[in-house]
Amino acid sequence: MITLDDLRARDATDPLRTLGDAFDLPEGVIYLDGNSLGALPKATKARMSDAVAREWGEGLVRSWNTAGWIDAPARIGAKIAPLIGAQPNEVIVTDSTSVNLFKLLEAALAAQPGRRVILSEPGNFPTDLYVAQGVAAMLPGVEVRTVARDQIIDAIDDSVAVVMLTHVHYRTGERFDMAALTKAAHDAGALALWDLSHSVGAIAVDLNGAGADLAVGCGYKYLNGGPGAPAFLFVAERHQAHMRSALSGWMGHATPFAFGDYYAPAPDLRRFLCGTPPILSMTALEAGVELFLTADHEALFAKGQALCSAFIDLVDHRCEGLGLILATPRDPASRGSHVSFVHEGGFAAMQALIARGVIGDFRAPDILRFGLTPLYVGFEDVWNAVEILRDILATRSWDDPRYRTTAAVT
């Protein structure tokens with residue numbers, strides 16, 4: 001069994017340990033919810049202050065050119081690209097994950113005439129299914145079909161236009177074999193669209209190595225872009241010339257400042273832009289993304305899996321018999337960077353943990369979810385979090401009416 005001394009030794013020799021100093025985290029808090037909202041990088045405060053006071057306040061409208069505002073979507077996308085195995089010209093930052101998903105689903109259907117099915121799994125991240133249902137309601141004859149994940153490959157037939165899956169499941173942390181599923185889609189003549197929201201910045205992703213066609217992902221989780229940060233989308237270079245967005249806004253125009261009456265899409269990935277970029281939000285996202293430029297990605301992702309394994313091992317041994325059921329794969333190759341447990345009092349137990357300074361989150365109906373974010377979580381943090389969890393469960397202190405009150409966000 002892992003000991004506290006073992007974990008302290010790992011922290012002492014961790015080449016990434018100083019990365020935690022780049023974040024502004026409250027004293028006495030163990031933050032295990034970076035899979036939902038990333039922590040605040042210290043550099044973000046200064047960058048935001050400069051963007052507001054100097055770029056906006058002094059530069060005014062000139063900053064679209066002088067401060068590079070107009071280039072932000074492509075510039076930040078190029079910085080995200082190495083984290084997802086893409087080329088710089090294949091990733092652009094724009095809109096929200098939901099809006100980007102709408103754009104890419106519609107584009108995929110238009111590119112696959114005669115195929116009218118969006119294939120996914122039940123229990124996929126809800127917004128993905130909701131957006132797909134909205135696309136189907138808008139386009140005659142299109143349907144959303146869901147099958148269990150172990151039946152997806154067999155369900156890809158000549159009616160399927162696009163297979164839409166989330167790489168790492170938001171509740172359980174289970175990871176799809178991206179290369180195998182993408183190949184199965186291609187073998188059947190379908191396209192593969194991946195939601196990377198619980199993958200990017202957490203585990204190694206290789207879109208081009210897997211042959212993926214399309215992808216979306218958010219900026220506010222592991223990328224630490226702040227609440228509501230802009231999202232990104234990926235379109236493989238081979239598809240860019242013939243796919244276009246149904247949301248034909250002016251920033252996607254070939255010459256947006258010619259102000260013509262008729263739409264002509266940009267010749268490259270810029271055609272998937274829509275409205276004016278939210279520069280202040282993009283400034284915060286860029287500061288978060290740049291932290292990854294200073295880290296060894298292989299070491300970073302290995303640390304994330306080591307943290308997950310340590311968490312699972314400690315719960316196995318120190319919380320045995322306390323009602324926790326592991327919902328996350330034990331095999332590091334089959335999971336993301338968060339660990340989930342089922343517990344009968346899941347919601348109340350998480351509220352009790354938060355009251356004790358361990359911030360994770362709850363997902364209905366009974367999941368306790370813990371994000372092991374390698375940028376700022378240490379191995380001793382894992383020990384301390386499990387000790388507090390053990391105490392809460394052993395004493396049943398979670399079974400208290402004050403921990404059962406729900407707020408708008410759970």
Side-chain angles (χ1 to χ4, degrees), residues 19-20 22-27 29-53 55-56 69 72-73 76-77 79-80 83 91-102 125-128 130-131 166 168 170-171 195-202 216-233 274-292 336-338 347 350-351 353-354 357-364 369-377 406-410:
L19 287 175
F23 290 87
D24 195 357
L25 283 162
E27 190 70 30
V29 166
I30 301 173
Y31 191 60
L32 304 182
D33 205 14
N35 53 301
S36 187
L37 175 65
L40 172 64
K42 292 177 180 176
T44 303
K45 293 182 178 181
R47 291 283 289 275
M48 292 291 285
S49 177
D50 182 63
V52 171
E55 294 179 4
W56 179 14
W69 287 356
I76 304 170
K79 292 177 181 179
I80 293 171
L83 293 173
V91 185
I92 202 157
V93 172
T94 178
D95 299 315
S96 67
T97 308
S98 299
V99 172
N100 288 337
L101 192 61
F102 175 90
F125 193 72
T127 198
D128 294 36
Y130 301 162
V131 169
T166 299
V168 171
Y170 78 104
R171 292 181 77 247
D195 185 337
L196 305 178
S197 294
H198 286 87
S199 305
V200 60
V216 297
C218 74
Y220 53 80
K221 300 183 191 295
Y222 294 101
L223 295 184
N224 307 299
F232 64 88
L233 63 81
C274 187
T276 304
I279 294 303
L280 297 182
S281 296
M282 287 197 164
T283 297
L285 175 61
E286 189 166 19
V289 169
E290 286 179 349
L291 284 170
F292 289 93
S337 196
H338 65 270
F347 176 79
M350 183 53 70
Q351 303 318 301
L353 277 167
I354 293 171
V358 178
I359 301 178
D361 66 14
F362 167 79
R363 287 296 175 261
R369 196 172 66 157
F370 303 91
L372 287 305
T373 309
L375 282 172
Y376 49 78
V377 175
T406 59
V409 177
T410 58

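In what follows, residues are counted from 1 in the order of the sequence shown.
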Got a donor-acceptor contact below 3.5 angstrom from the Ser337 side chain to the Leu372 backbone?
yes
Heavy-atom pair of closest approach, residues Tyr31 and Leu37
OH-O, 2.5 Å
Find the distance between CG (Leu291) and CZ (Phe23) and round it off to the nearest 0.5 Å.
4.5 Å
Rounded to the nearest 0.5 Å, what's the gap from CD1 on Ile76 to CE on Met282? Could you check?
5.5 Å
Just how far is it from atom CG of Leu233 to atom CG of Leu196, taken to the nearest 0.5 Å?
11.0 Å
Kindly indicate, with the supporting measurements, whether the criterion side chain to side chain contact (heavy atoms under 4.5 Å, CB included) is fulfilled by Asp195 and Leu101.
CA-CA 8 Å; Asp195 185 337; Leu101 192 61; 5.5 Å; no
Measure the shortest side-chain to side-chain distance between Phe292 and Ile80 over non-hydrogen atoms and say whether it is less than 4.5 angstrom.
no
What are the two closest heavy atoms between Pro230 and Val93, and how far apart are they?
CB-CG1, 3.7 Å
Nearest heavy-atom approach of Pro277 to Pro73 is CG-CG, 3.9 Å
Taking Asn35 for the side chain and His198 for the main chain, is one N or O donor matched with an acceptor at less than 3.5 Å?
no
Residues 46-53, side-chain donor-acceptor partners within the protein, below 3.5 Å, at least two apart:
{"from": "Arg47", "atom 1": "NH1", "to": "Glu290", "atom 2": "OE1", "distance (Å)": "2.8"}
{"from": "Asp50", "atom 1": "OD1", "to": "Arg54", "atom 2": "NE", "distance (Å)": "2.8"}
{"from": "Asp50", "atom 1": "OD2", "to": "Arg54", "atom 2": "NE", "distance (Å)": "3.3"}
{"from": "Asp50", "atom 1": "OD2", "to": "Arg54", "atom 2": "NH2", "distance (Å)": "2.9"}

Would you mind reporting whether Phe232 and Val200 have side-chain heavy atoms less than 4.5 Å apart?
yes
What residues form a salt bridge (charged side-chain N to carboxylate O under 4.0 Å, His left out) with Lys45, not counting sequence neighbours?
Asp24
Distance col, row Leu83:CG vs Ser199:OG, nearest 0.5 angstrom, shows 11.5 Å
Could you walk me through whether Leu280 and Trp56 satisfy the side chain to side chain contact (heavy atoms under 4.5 Å, CB included) test, starting with their C-alpha distance in whole Å, then the side-chain angles of each, then the deciding distance to 0.1 Å, before giving a yes or no?
CA-CA 9 Å; Leu280 297 182; Trp56 179 14; 4.3 Å; yes
Considering all heavy atoms of both residues, which atom of Asp95 and which atom of Cys274 are nearest to each other, and what is their separation?
OD2-CB, 3.9 Å
Testing Arg171, Arg363, Met350 for side chain to side chain contact (heavy atoms under 4.5 Å, CB included) with Arg369, which one passes?
Arg363
How close do Ala287 and Thr44 get, counting heavy atoms only, and between which atoms?
CB-OG1, 3.6 Å
Counting C-beta onward and ignoring hydrogens, is there a side-chain heavy-atom pair between Ser197 and Tyr170 closer than 4.5 Å?
no
The reported gap from CG in Asp361 to CG in Leu353 (rounded to nearest 0.5 angstrom) is 11.5 Å
Please check if the side chain of Asn224 supplies one atom and the backbone of Tyr222 the other of a donor-acceptor pair under 3.5 Å.
yes
Looking at Val99, is its backbone amide N or carbonyl O close enough to the side chain of Ser96 to form a donor-acceptor pair, meaning the two atoms are under 3.5 Å apart?
yes
Could you tell me whether the side chain of His338 reaches within less than 4.5 Å of the side chain of Val168, counting heavy atoms only?
yes
Starting at CH2 of Trp69, measure out to CD1 of Ile279 and round the result to the nearest 0.5 Å.
6.5 Å
Minimum heavy-atom separation for Thr410 to Phe347, with atom names?
CG2-CE1, 3.9 Å
